[in-house]
Amino acid sequence: MSDTPYQPDRIEPKWQARWAERRTNEPDLDRAARPFYNLMMFPYPSAEGLHVGNMFAFTGADVYGRFKRLQGFDVFEPIGFDAFGIHSENYAIKVGVNPAVLIPQNIENFRRQLKRIGGMFDWAHELATTDPAYYKWTQWIFLQFYRAGKAYRKRAPVNWCPSCKTVLANEQVEAGRCERCGAQVEQRFLEQWFFRITEYADRLLADLDDRSKMDWSESTTTAQRNWLGRSEGAEIEFPLATGGAVRVFTTRPDTLFGATFMVLAPEHPLVVEITTPEQRAAVEAYRAQTASKDLIARKVGDRDKTGVFTGAFARNPGTGRMVPVWIADYVLMEYGTGAIMAVPAHDERDYEFARRFDLPIVDAIELEDPADRGSLAGVLINSGEFSGMAASEARGAITRWLEAAGQGQAVVRYRLHDWCVSRQRYWGPPIPIIYCDACGPVPVPEEDLPVQLPLIEDFRPDDSGVSPLARHEEWYYAACPTCGRRGRRETDVSDTFLDSAWYFLRYPSTDFDDRAFDRARTRKWLPVTSYIGGNEHAVLHLLYARYVTMVLHDMGYLHFDEPFRKFRAHGLIVKDGAKMSKSRGNVVVPDEYIARWGADTFRMYLMFLGPFEAGGDFRDDGLSGPRRFLDRLWSLVDQAIREDAAGGEIQHRIVIKWHQTKKKVAHDLETLNYNTAIAALMELLNTMREANCCERRIVEEMIVMIAPFAPHFAEECWERLGHEESVFGACWPAWDERLTVDETVELAVQVNGKTRSKVTVHRNADEATAVAAALEDPVARRFLDGRDVRKTVFVPNRLLNLVVG
RNA sequence: GCCCGGGUGGCGAAACGGCAGACGCAUGGGACUUAAAAUCCCUUGGGGCGCAAGCCCCGUGAGGGUUCGAAUCCCUCCCCGGGCACCA
């Protein structure tokens with residue numbers, strides 16, 4: 001009889017259609033017995049379509065979900081689209097088509113691609129952040145924050161292009177210039193909305209160490225810790241000669257006696273007050289110069305120290321001496337108190353500044369290594385009563401001394417800033433606030449949500465200096481919800497990161513339009529069981545999602561305060577050793593590969609090319625290996641059906657390999673070591689072929705084990721093997737622990753640490769038995785060369801090391 | 001500058017401190033073919049000895065260290081990728 005060849009073109013559409021028809025991938029969200037929420041970071045639907053990096057990430061997450069399903073969990077694997085934001089808006093501006101028209105086309109294309117790779121997505125719960133039914137609730141969340149006092153308005157700098165007369169996002173500033181017109185970008189101050197995330201800094205930090213709440217990749221928690229940037233130190237008052245005082249923050253109170261001058265941020269409010277008349281002109285000029293630099297240039301630009309003396313002096317509370325007060329742009333208003341005590345002897349930046357302006361440098365610590373100015377170690381000198389004390393001890397001692405004198409206190413600072421959620425853009429959810437001349441800012445009543453983003457023809461920013469939304473008068477003017485008089489809508493939209501900070505809460509409840517998340521559904525499915533995504537979101541997205549969850553928990557909406565029980569970051573895919581980019585011309589277009597090889601082979605290859613959490617190198621010539629494997633496995637299924645060899649005697653070594661493989665594949669899937677799981681399956685197949693074995697029990701279990709990687713292939717083989725139900729209704733094969741080990745083992749025999757021979761002994765043979773076997777082995781004897789064995793090192797079932805003199 | 005990853009055959013990569021190079025790609029050779037493709041079998045880290053079975057030496061970015069034993073642990077350094085970046 002002639003066998004059917006493996007034809008992915010035929011079976012992949014067949015199974016995709018059947019999954020949709022039979023709702024194979026839609027768990028019963030209300031009655032699931034063993035819920036498992038398998039989440040992956042939803043994509044931004046670009047015009048280019050899914051790239052190979054997305055495919056890699058989604059496939060890896062899908063493999064895990066399918067594995068959990070085979071282990072008997074009710075897996076909910078939703079997908080959606082993060083479709084608002086600057087990328088879409090810029091692209092829309094470039095091609096001159098409204099994003100509201102473009103985005104649905106892109107989503108349609110993404111949906112097609114996601115179906116094509118065979119993801120186990122529950123399409124019944126798809127969402128898009130641009131859908132009014134979704135952003136209604138994004139706006140609702142904003143209002144909850146506003147009511148709870150967690151959203152507030154403040155003036156904050158933005159990048160301003162004086163030529164285009166518009167606000168620029170950081171991405172639109174290139175080397176200090178507007179990416180469109182090339183004009184020098186400036187800072188402008190606008191009233192913007194902020195979320196008080198800093199209030200939660202200590203909790204966001206503390207949970208990172210709580211394994212019961214967060215099983216996360218170490219690299220990700222480290223990134224968050226650094227971003228939160230906790231530092232312990234002191235605030236110290238330096239009394240001004242003219243009255244009042246400058247408060248500084250320092251992490252090094254032990255260096256107080258070395259503070260020979262002070263520096264304020266140029267925008268520090270005290271500057272105007274303290275500047276002497278002689279210095280006024282210079283100070284004003286410097287302040288103007290700083291303001292003209294854009295936000296990025298100031299931070300990243302050239303680091304030559306600049307600054308101006310204010311003419312004022314303040315008293316160092318340690319030494320009692322008067323020190324000059326300067327302003328300089330290396331001191332940032334948004335950190336600490338916006339002012340520092342400068343200790344040039346023990347801080348690299350202060351040192352540079354002192355050298356540049358010829359300011360005094362006084363050692364406060366005897367350094368062991370004078371080159372290492374910032375060292376925390378050493379003994380205090382020139383420090384009055386503290387001289388002779390270890391620096392580590394002095395940090396607390398000087399702080400306590402200042403506290404007693406009412407001139408300072410211990411404080412903890414974070415580098416985390418409050419979250420600016422305002423965007424002066426078109427393509428986002430309008431912030432649901434109406435400004436009324438009589439009542440001030442008034443929240444839009446919840447029953448009036450969503451505040452729909454109007455479809456306007458001219459969505460581009462123009463030189464009028466106002467948001468495109470403000471030009472749309474019938475939208476812009478709205479009745480004040482409090483007094484009914486004519487008010488103006490907020491024209492800022494909210495940050496895309498707010499959309500993505502809660503989407504996982506929405507998925508299980510997309511079928512409810514009267515609540516953001518249903519209480520029972522949420523209780524059943526959340527927090528998320530497993531979350532997989534890129535480490536590029538290690539800080540912003542993951543931190544904002546944690547924060548929003550915590551706030552909603554504290555308001556009583558959620559029963560948990562950490563959203564992602566387990567998080568794993570996938571690696572990066574490069575092509576032929578280099579990062580993919582259009583300019584290099586090495587971008588992999590996944591559709592072409594899928595068309596040529598089939599989705600299953602493509603998935604297998606992506607999972608095989610390297611460890612999932614490390615990523616790997618995509619090579620065109622790598623796909624043939626996994627494809628050959630599937631072809632051979634297909635033939636083995638044919639053979640199993642043809643010969644119907646079931647229940648017969650199986651060679652012992654095959655039995656061992658079989659059970660070892662089941663154990664290893666399960667373990668490797670759990671730890672996301674997909675590449676070695678596939679290798680183990682290849683080994684088992686090779687063993688079967690060598691022995692010409694097509695035992696049905698083994699073949700069937702191989703099909704179940706390959707199913708997470710090659711779901712269409714597995715379904716088709718499963719059907720051909722006579723099963724009517726989906727292979728995903730099967731159970732993950734159990735293994736017998738006793739059969740994963742052989743009764744005899746090969747022991748490596750080393751002489752003086754070098755492997756020289758092998759001996760076969762019984763499993764768990766003791767040392768005496770092993771030594772006896774080794775001493776009889778001719779090869780080992782040759783190396784012993786008649787010398788006495790002085791010592792032996794024995795590792796049961798592994799090796800024996802004979803040490804001779 | 002700081003913080004994370006990495007550096008192993010021709011290539012992608014394996015390896016609880018215990019036989020380095022599993023698995024795959026690509027080589028080279030052979031079988032089957034009129035032929036090619038596909039398929040199947042064998043070969044393949046480098047160097048050396050041997051007619052042969054086989055044997056020896058070297059080898060995981062560099063240099064030190066710990067250990068009976070190091071790709072793996074420790075120290076110093078070099079290179080690559082990613083992130084943060086004047087955070088007091």
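The analysis underlying the following values was restricted to heavy atoms, covering all of them including side chains, and did not include hydrogens, waters or symmetry mates.
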>> A/Glu237 and side chain to side chain donor-acceptor pair (under 3.5 Å): which single residue from A/Gln407, A/Arg247, A/Gln409 fits?
In response: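 One option only clears the test, and that one is A/Arg247.
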Any [X] side-chain nitrogen or oxygen under 4.0 Å from OP1 or OP2 of [N]:
X: A/Arg628; N: B/C25; answer: yes
X: A/Asn535; N: B/G83; answer: no
X: A/Arg689; N: B/C40; answer: yes

> Within this structure, what is the CG-to-C1' distance between A/Asn673 and B/C23, rounded to whole angstrom?
Replying inline: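 To the nearest whole Å, that distance equals 14 Å.
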> Separation of A/Trp227 atom CH2 from B/C4 atom P, in whole Å?
Replying inline: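 Taking atom P of B/C4 as the reference, CH2 of A/Trp227 is at 17 Å.
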>> Checking side-chain contact (heavy atoms from CB on, under 4.5 Å) between A/Phe612 and each of A/Thr671, A/Ile532, A/Leu606, A/Thr59, which is the one that passes?
In response: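 It is A/Ile532; the other options fail the test.
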>> Ignoring hydrogens and geometry beyond distance, is the side chain of A/Glu536 in donor-acceptor contact with the base of B/G82 at under 3.5 Å?
In response: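 Checked by distance alone, the answer is no.
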> How would you label the contact of A/Ser231 with the nucleic acid (heavy atoms, under 4.0 Å): base, sugar-phosphate, or nothing?
Replying inline: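 A/Ser231: backbone/sugar contact only, no base atoms under 4.0 Å.
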>> Would A/Glu232 and A/Arg413 count as a salt bridge (charged side-chain N to carboxylate O under 4.0 Å, His left out) here? Give the steps.
In response: CA-CA 6 Å; A/Glu232 289 181 15; A/Arg413 284 281 178 182; over 6 Å; no
> Which value, in whole Å, describes the distance between the C1' atoms of nucleotides B/U27 and B/C11?
Replying inline: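 To the nearest whole Å, 11 Å.
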> Roughly how far apart, to the nearest Å, are B/A14 and B/G6 at atom C1'?
Replying inline: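 My reading of the C1' atoms in B/A14 and B/G6 gives 16 Å.
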> What's the closest nucleotide to the A/Val331 side chain, out of B/G12, B/A88, B/C19?
Replying inline: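 Among B/G12, B/A88, B/C19, the one nearest the side chain of A/Val331 is B/A88.
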> What would the secondary structure line of RNA chain B be in dot-bracket form, counting Watson-Crick and G-U wobble pairs under 3.5 Å, with [ ] for pairs that cross earlier ones and | for pairs with another strand?
Replying inline: (((((((..(((.....[....)))(.((((.......)))).)(((((....)))))..(((((..]....))))))))))))....
